[in-house]
Amino acid sequence: MEKDTRCPCNSGETYSSCCGRYHQGFNDPEIPLWPGTAETLMRSRFSAFAANRPDYLLATWFTDTRPAGLELDTDMVWRSLEIVNTEAGGPFDTTGVVEFIARYKVGKKSGAQHEVSSFVRANGRWYYLDAA
């Protein structure tokens with residue numbers, strides 16, 4: 001994904017100044033860059049699907065619910081993200097919920113995924129837990 005393109009998460013910022021910075025800095029051994037809220041993590045995970053970054057998706061998945069591996073469908077183009085609702089998930093919370101609609105396209109067919117995702121903060125970092 002080009003660093004100066006608009007971020008797929010619909011923040012209005014460029015990819016490099018929004019989710020791209022997390023994708024590049026999450027495993028920096030000296031100063032790792034990690035989202036500070038559940039919503040920011042949700043946005044960065046959506047952008048990771050759009051940018052084909054399974055490494056980031058696995059790293060931000062809580063260990064108790066994380067799969068052993070992840071293969072992304074490269075034919076699926078993630079188009080936009082709409083945050084519907086958030087519950088907790090702030091810098092001082094330990095859990096959070098983000099409801100969202102993710103729009104995608106596969107070939108000529110468009111679709112949407114409406115999901116309510118749960119997040120947990122462990123060791124000062126937010127992680128995706130599961131979805132309902």
Side-chain angles (χ1 to χ4, degrees):
M1 179 161 290
E2 295 292 321
K3 66 178 186 171
D4 292 330
T5 60
R6 191 172 172 154
C7 193
C9 81
N10 286 343
S11 67
E13 295 185 39
T14 62
Y15 173 70
S16 63
S17 65
C18 192
C19 297
R21 63 189 171 139
Y22 299 119
H23 297 171
Q24 294 304 314
F26 77 95
N27 62 359
D28 183 323
E30 293 186 27
I31 306 173
L33 188 56
W34 207 267
T37 67
E39 181 179 334
T40 305
L41 179 59
M42 178 64 246
R43 288 180 177 280
S44 68
R45 285 178 56 83
F46 171 82
S47 293
F49 277 102
N52 196 29
R53 295 292 309 258
D55 59 336
Y56 183 80
L57 292 165
L58 288 170
T60 58
W61 208 316
F62 192 61
T63 55
D64 291 356
T65 57
R66 178 175 46 212
L70 185 62
E71 190 173 320
L72 300 181
D73 182 352
T74 56
D75 292 333
M76 185 173 279
V77 178
W78 293 97
R79 313 280 285 183
S80 66
L81 177 68
E82 176 188 345
I83 302 296
V84 176
N85 188 41
T86 59
E87 296 175 22
F92 302 108
D93 297 316
T94 55
T95 61
V97 175
V98 179
E99 180 182 2
F100 66 91
I101 300 171
R103 291 181 177 76
Y104 60 87
K105 193 169 189 175
V106 179
K108 294 184 179 184
K109 293 190 176 195
S110 295
Q113 179 176 333
H114 187 175
E115 189 174 295
V116 178
S117 293
S118 296
F119 296 84
V120 62
R121 194 171 70 174
N123 300 318
R125 293 183 175 182
W126 282 103
Y127 292 92
Y128 168 76
L129 185 61
D130 57 22

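Hydrogens, waters and symmetry mates play no part in the numbers below; they use all other heavy atoms, side chains included.
- Annotation: the span from Thr65 atom OG1 to Leu129 atom CG amounts to 4.5 Å, rounded to 0.5 Å.
- The closest donor-acceptor contact from the side chain of Arg21 to the backbone of Ser17 lies under 3.5 Å.
- Taking CG of Asn85 as the reference point, atom CD of Glu39 lies at 10.0 Å (rounded to 0.5 Å).
- Rounding to the nearest 0.5 angstrom, the gap separating the OG atom in Ser118 from the OH atom in Tyr128 is 8.0 Å.
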Take Thr86 and Thr37, measure what side chain to side chain contact (heavy atoms under 4.5 Å, CB included) needs, and give me the verdict at the end. CA-CA 10 Å; Thr86 59; Thr37 67; over 6 Å; no
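- Residues Thr60 and Tyr22 are not in side-chain contact: their nearest non-hydrogen atoms beyond the backbone lie 4.5 Å or more apart.
- With hydrogens and angles ignored, the 3.5 Å screen pairs a side-chain donor or acceptor of Asp73 with a backbone N or O of Asp75.
- Residues satisfying the side chain to side chain contact (heavy atoms under 4.5 Å, CB included) criterion with Phe26, sequence neighbours excluded, are Trp34, Arg53, Asp55, Tyr56, Ala59.
- Listed here is the closest heavy atom pair of Asn27 and Gln24: OD1-O, 4.2 Å.
- Side chains of Glu115 and Ser117: a donor on one and an acceptor on the other come within 3.5 Å.
- In this structure, Asp93 contributes its side chain and Gly90 its backbone to a donor-acceptor pair below 3.5 Å.
- Atom OG1 of residue Thr94 and atom CZ of residue Arg121 lie 7.0 Å apart, to the nearest 0.5 angstrom.
- If you chain together hydrophobic residues whose side chains sit under 4.5 Å apart, Met42 and Leu70 fall into the same group.
- Counting heavy atoms from C-beta outward, Leu58 and Pro67 have side chains that approach closer than 4.5 Å.
- Neither Val106 nor Ile101 shares a network with the other; the hydrophobic side chains, linked directly or stepwise wherever heavy atoms of I, L, V, M, F, W or Y lie under 4.5 Å apart, form separate groups for each.
- Hydrophobic clustering keeps Tyr15 apart from Trp78 (ILVMFWY residues linked when any side-chain heavy atoms are closer than 4.5 Å, directly or through intermediates).
- Ser47 places no side-chain N or O within 3.5 Å of a backbone atom of Ser44 that could act as its donor or acceptor partner.
- Residue Val97 is not grouped with residue Phe46 when hydrophobic side chains (ILVMFWY) are merged at heavy-atom distances under 4.5 angstrom, including chains of intermediate members.
- Side chains of Arg103 and Glu82 form a contact here, defined as non-hydrogen atoms less than 4.5 Å apart.
- To the nearest 0.5 Å, atom CE of residue Met76 and atom NZ of residue Lys105 are 13.0 Å apart.
- Under a hydrophobic-cluster definition in which Ile, Leu, Val, Met, Phe, Trp and Tyr are linked whenever side-chain heavy atoms come within less than 4.5 Å, directly or via other members, Val84 and Phe49 are assigned to different clusters.
- Rounding to the nearest 0.5 angstrom, the gap separating the CZ atom in Arg45 from the CZ atom in Phe100 is 9.0 Å.
- For the residue pair Asn10 and Ser80, the shortest heavy atom distance occurs at ND2-CB, 3.3 Å.
- A donor-acceptor pair under 3.5 Å is absent between the side-chain atoms of Arg125 and the main chain of Ala122, judged by distance alone.
- Annotation: side chain of Asn52 is in contact with side chain of Thr74 (closest heavy-atom distance under 4.5 Å).
- Using a 4.5 Å heavy-atom threshold, the side chains of Ile83 and Arg43 count as touching.
- Ala112 approaches Tyr104 most closely through the heavy-atom pair N-CE2, 3.5 Å.
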